[in-house]
Structure formats: structure tokens, C-alpha cells
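Sequence positions, counted from 1, serve as the residue numbers for this chain.
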Amino acid sequence: MSSVFKALSDPTRRRVLQLLRQGPMSAGELSDQFDVSKPTMSAHFAVLKEADLVHAEKTGKSVIYHLKLSVLEEALLGFVHSFGLGAETPEPGKETARWRRT
């Protein structure tokens, strides 16, 4: 889980994930969205792959990146559950004593 949060700690990597929500994109298409060098973007892609947030598919000379949303969802749910939250979801319109404002 820590590798996921390390990956999410950088705004460039968060933006890459947002772009990939629209669908798979090549490394070049993604890099064109940022004012940084290609080696810098390569380093960002490596962190995202290490965290298993993206899947890289080699197609000819291009690398196509796909978002692995399920990994992100699992990490966020694990984080929430580590605080004892989300284990019991109240019925819509009903508050539990734990969440009720006083």
C-alpha cells in the first residue's frame, strides 16, 4: 500500500492517472501533456508501474499505458479500513451514533 501512496504523492503522477481514466494512452501522448523531459516522465511511469497502478503494453515502438483502477480502489479502501472506517455502512438516511453530530 505504501508504494501506491508514494506514487500518489506527486501531482504529475496523479495527473497521469486522471488522463488514463479517459482510456489507454501512449507514453508520448502522456508526455505531451507535461512540460518536463521524457526521462523525467519515464521516471514517473516507473513509479506508477512499481505501485501497480498502470499496465504498460509494448506495441511496436510505442508503450501504451492502461490504468489499473482496481489497485487504486483496493489501496484506498485498505487505507480507510485501517482507521476502522467503512466497515459498517449505515443505511441511506440513517446515521450511526459514531457519525452523528452533537
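Rounded to the nearest 0.5 angstrom, I64 CD1 and M25 CE are separated by 9.5 Å. Here the CG atom belonging to L17 is positioned 9.5 Å from the CG atom belonging to L30, to the nearest 0.5 angstrom. Between atom CD of residue E74 and atom CG of residue L69 there is a gap of 10.0 Å, rounded to the nearest 0.5 Å.
Scanning all heavy atoms of the two residues, the minimum distance from L19 to Q33 falls at CD1-CG, 3.7 Å. Counting all heavy atoms, side chain and backbone alike, S26 lies closest to E29 at N-OE1, 2.8 Å. Taking every heavy atom of both residues into account, K6 and R13 meet most closely at O-NH2, 3.2 Å. Annotation for V16 and M41: closest pair CG2-CE, 3.9 Å, computed over non-hydrogen atoms.
In the hydrophobic clustering of ILVMFWY residues, with side-chain heavy atoms under 4.5 Å counting as a link, F45 and F34 come out together. Both Y65 and V36 belong to a common hydrophobic cluster when Ile, Leu, Val, Met, Phe, Trp and Tyr are linked at side-chain heavy-atom distances under 4.5 angstrom.
A 4.5 Å side-chain heavy-atom check between H44 and T40 finds at least one atom pair inside the cut-off.
Within the 3.5 Å criterion, the main-chain N or O of L8 finds a donor-acceptor partner in the side chain of R14.
Annotation: ring pair (Phe, Tyr, Trp, His ring centres under 6.0 Å) contacts of F5 (sequence neighbours excluded): F79.
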Distance-only criterion, 3.5 Å: show the donor-acceptor pairs between side-chain atoms of residues 46-63 and protein atoms not counting sequence neighbours.
from: D52; atom 1: OD1; to: K68; atom 2: NZ; distance (Å): 2.6
from: D52; atom 1: OD2; to: K68; atom 2: NZ; distance (Å): 3.3
from: E57; atom 1: OE1; to: H66; atom 2: NE2; distance (Å): 2.8

